[in-house]
**Q** 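I'd like to ask you about the structure that follows.
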Amino acid sequence: MDKKCELIYEGKAKIIFANENPELVSIVFKDDATAFNAKKKQTFKGKGILNCSISSNIFDLLIKNKIPTHYIKKINENSILAKKVEIIPIEVVLRNIAYGSLCRQTDIEPGTNLKQPLIDFYYKNDNLNDPLLTSDRIFLLDLIEAEGLQKIKEITYKINNILKDFFLELNLTLVDFKLEFGKDSSGQIILADEFSPDNCRLWDRNTKNGKIESLDKDRFRNDLGDLIEAYSEIDNRINNFIGFT
Ligand code: UDP
């Protein structure tokens with residue numbers, strides 16, 4: 001088999017293939033969606049193309065703002081070329097507004113604006129159901145060193161500032177999002193994975209009959225309507241905005 005096509009890893013929403021250059025990989029965005037640790041599954045035709053487009057535009061924006069990332073370029077409508085990284089097994093969630101697990105685990109009302117952005121860390125481990133981590137547990141498990149964790153926090157706050165303003169221009173509220181980081185061949189910590197409505201909550205600021213509309217994976221998690229329609233709306237707003245600037 002051509003080395004270029006060797007499958008390195010297949011995840012729930014993406015497939016990673018090797019490249020002739022050992023420092024690079026290609027990443028294919030799948031149409032599959034999972035929720036509740038893959039207990040709920042569905043395929044949405046066209047999701048891969050939409051997420052590839054959305055994520056590529058967001059990574060371009062982050063790179064313009066000097067965020068170090070794995071992203072190199074889009075190869076075709078549903079795949080990208082990226083730097084090969086060793087993924088740090090921590091899911092980094094930043095929240096601007098309380099929703100989801102934060103409200104299930106505390107008595108904060110859903111929809112509460114947080115005084116300041118909150119960063120939560122989760123252990124990227126499906127067998128354990130991605131449990132919430134503390135800094136001490138992160139060091140106990142040797143997931144990353146203190147300096148690296150500090151760097152991840154700094155980059156995450158910076159990404160939030162860039163994207164909160166960006167989505168506001170698109171009339172969207174960035175409620176929360178999940179990031180993953182990796183180490184490149186020189187050991188530098190860089191943003192990896194994707195940024196798409198699969199991994200963030202985006203609420204339309206144009207309310208429908210006074211009700212907030214989710215334009216993200218909550219549509220699938222909570223059966224709130226057509227997922228492709230919501231993801232297309234995000235993609236269209238981004239493309240229209242980019243077309244104007
Ligand atoms: N998230 C994710 N992958 C996960 C868990 C959460 O991308 O395995 C994202 C989710 O889409 C949301 C944010 O992280 O944008 C916060 O999710 P939360 O902890 O509230 O969990 P949920 O309510 O989705 O169970």
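Read the numbers this way: they start at 1 and go in the same order the structure lists the ligands and their atoms.
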**Q** Could you list the atoms of ligand 1 found under 4.0 angstrom from a heavy atom of Arg221?
**A**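 Atoms satisfying the 4.0 Å criterion: 10 (C), 11 (O), 24 (O).
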**Q** What do the steps show when you test Phe167 against Leu202 for side-chain contact (heavy atoms from CB on, under 4.5 Å), and what is the final call?
**A** CA-CA 8 Å; Phe167 284 118; Leu202 287 168; 3.7 Å; yes
**Q** Measuring centre to centre across the rings, with the benzene-like ring taken for any Trp, is Trp203 within less than 6.0 Å of Tyr99?
**A**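 That pair passes the under 6.0 Å test.
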**Q** So Phe220 and Phe44, would you call those rings parallel, tilted or perpendicular, with 30° and 60° as cut-offs?
**A**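 It falls in the perpendicular class, over 60°.
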**Q** Would you mind running through ligand 1 and noting each atom that sits below 4.0 Å from a heavy atom of Lys178?
**A**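 The list of qualifying atoms is 1 (N), 2 (C), 3 (N), 7 (O), 9 (C), 14 (O).
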**Q** Evaluate Arg201 against Asp176 for salt bridge (charged side-chain N to carboxylate O under 4.0 Å, His left out), listing each step before the verdict.
**A** CA-CA 5 Å; Arg201 287 194 169 99; Asp176 56 28; 2.8 Å; yes
**Q** Give a yes/no on ligand 1: does Asp218 have at least one heavy atom closer than 4.0 angstrom to it?
**A**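 Under 4.0 Å: no for Asp218.
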**Q** Side chain, backbone, both or neither: which part of Glu91 has a heavy atom under 4.0 Å from ligand 1?
**A**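 Within the 4.0 Å criterion, Glu91 contacts ligand 1 through side-chain atoms alone.
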**Q** Can you list the atoms of ligand 1 that are under 4.0 Å from a heavy atom of Asp198?
**A**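 Once the distances to Asp198 are compared, the set is 7 (O), 11 (O).
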**Q** Within the 3.5 Å criterion, strictly below it, is a donor on Ser186 or Asp184 matched to an acceptor on the partner's side chain?
**A**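 Looking only at side-chain atoms, Asp184 and Ser186 do form a donor-acceptor pair, the distance falling under 3.5 Å.
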**Q** Run the numbers for me: atoms of ligand 1, each under 4.0 Å from some heavy atom of Cys200, listed by number.
**A**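 Counting atoms of ligand 1 from 1, those under 4.0 Å from Cys200 are 11 (O), 15 (O).
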**Q** Looking at ligand 1, does Arg201 have a heavy atom less than 4.0 Å from it?
**A**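 Yes, Arg201 has heavy atoms under 4.0 Å from ligand 1.
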**Q** How long is the span from the OH atom in Tyr71 to the CD1 atom in Ile58, to the nearest 0.5 Å?
**A**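 If we round to the nearest 0.5 Å, Tyr71:OH and Ile58:CD1 are 11.0 Å apart.
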**Q** If the cut-off is 4.0 Å to any non-hydrogen atom of Tyr122, which atoms of ligand 1 fall inside it?
**A**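 Listed by number with element: 19 (O).
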**Q** Centre-to-centre under 6.0 Å for Phe59 and Phe195, is that the case here?
**A**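 No: the rings miss the under 6.0 Å criterion.
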**Q** For ligand 1, which atoms have a heavy atom of Arg104 less than 4.0 angstrom away?
**A**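 The atoms of ligand 1 under 4.0 Å from a heavy atom of Arg104 are 22 (P), 23 (O), 25 (O).
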**Q** Strictly by modelled atom types, are Asn125 and Asp130 linked by a side-chain donor-acceptor pair under 3.5 Å?
**A**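 Side-chain D/A pair, Asn125 to Asp130: absent.
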**Q** Which residue holds the protein heavy atom closest to atom 20 (O) of ligand 1, what is that atom called, and what is the gap in Å?
**A**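 Protein heavy atom with the smallest distance to atom 20 (O) of ligand 1: Ser101 N, 2.9 Å.
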**Q** Classify the contact between Val93 and ligand 1 as side chain, backbone, both or neither, using a heavy-atom distance cut-off of under 4.0 Å.
**A**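 The part of Val93 near ligand 1 is the side chain, not the backbone.
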**Q** What do you think, any protein heavy atom under 4.0 angstrom from atom 6 (C) of ligand 1?
**A**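 Under the 4.0 Å cut-off, atom 6 (C) of ligand 1 has no protein heavy-atom neighbours at all.
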**Q** Does Phe36 have a heavy atom less than 4.0 Å from any atom of ligand 1?
**A**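 No, that is not the case, since the closest heavy atom of the residue is not under 4.0 Å from the ligand.
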**Q** Give the atom numbers and elements of ligand 1 that come within less than 4.0 Å of a heavy atom of Arg95.
**A**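 Matching atoms, with element in brackets: 16 (C), 18 (P), 19 (O), 20 (O).
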**Q** Side chains of Ser79 and Asn76: any donor to acceptor distance under 3.5 Å?
**A**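 A donor-acceptor contact under 3.5 Å links the two side chains.
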**Q** Any donor-acceptor pair under 3.5 Å linking the side chain of Asp126 with the backbone of Asn37?
**A**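 Not confirmed, Asp126 side chain does not pair with Asn37 backbone.
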**Q** Measure the distance from atom 12 (C) of ligand 1 to every protein heavy atom, then report the residue, atom name and distance (to 0.1 Å) of the closest one.
**A**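 Answer for atom 12 (C) of ligand 1: Asp176 OD1, 3.2 Å.
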**Q** Hey, which atoms in ligand 1 end up nearer than 4.0 Å to a heavy atom of Tyr99?
**A**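 The atoms of ligand 1 under 4.0 Å from a heavy atom of Tyr99 are 20 (O).
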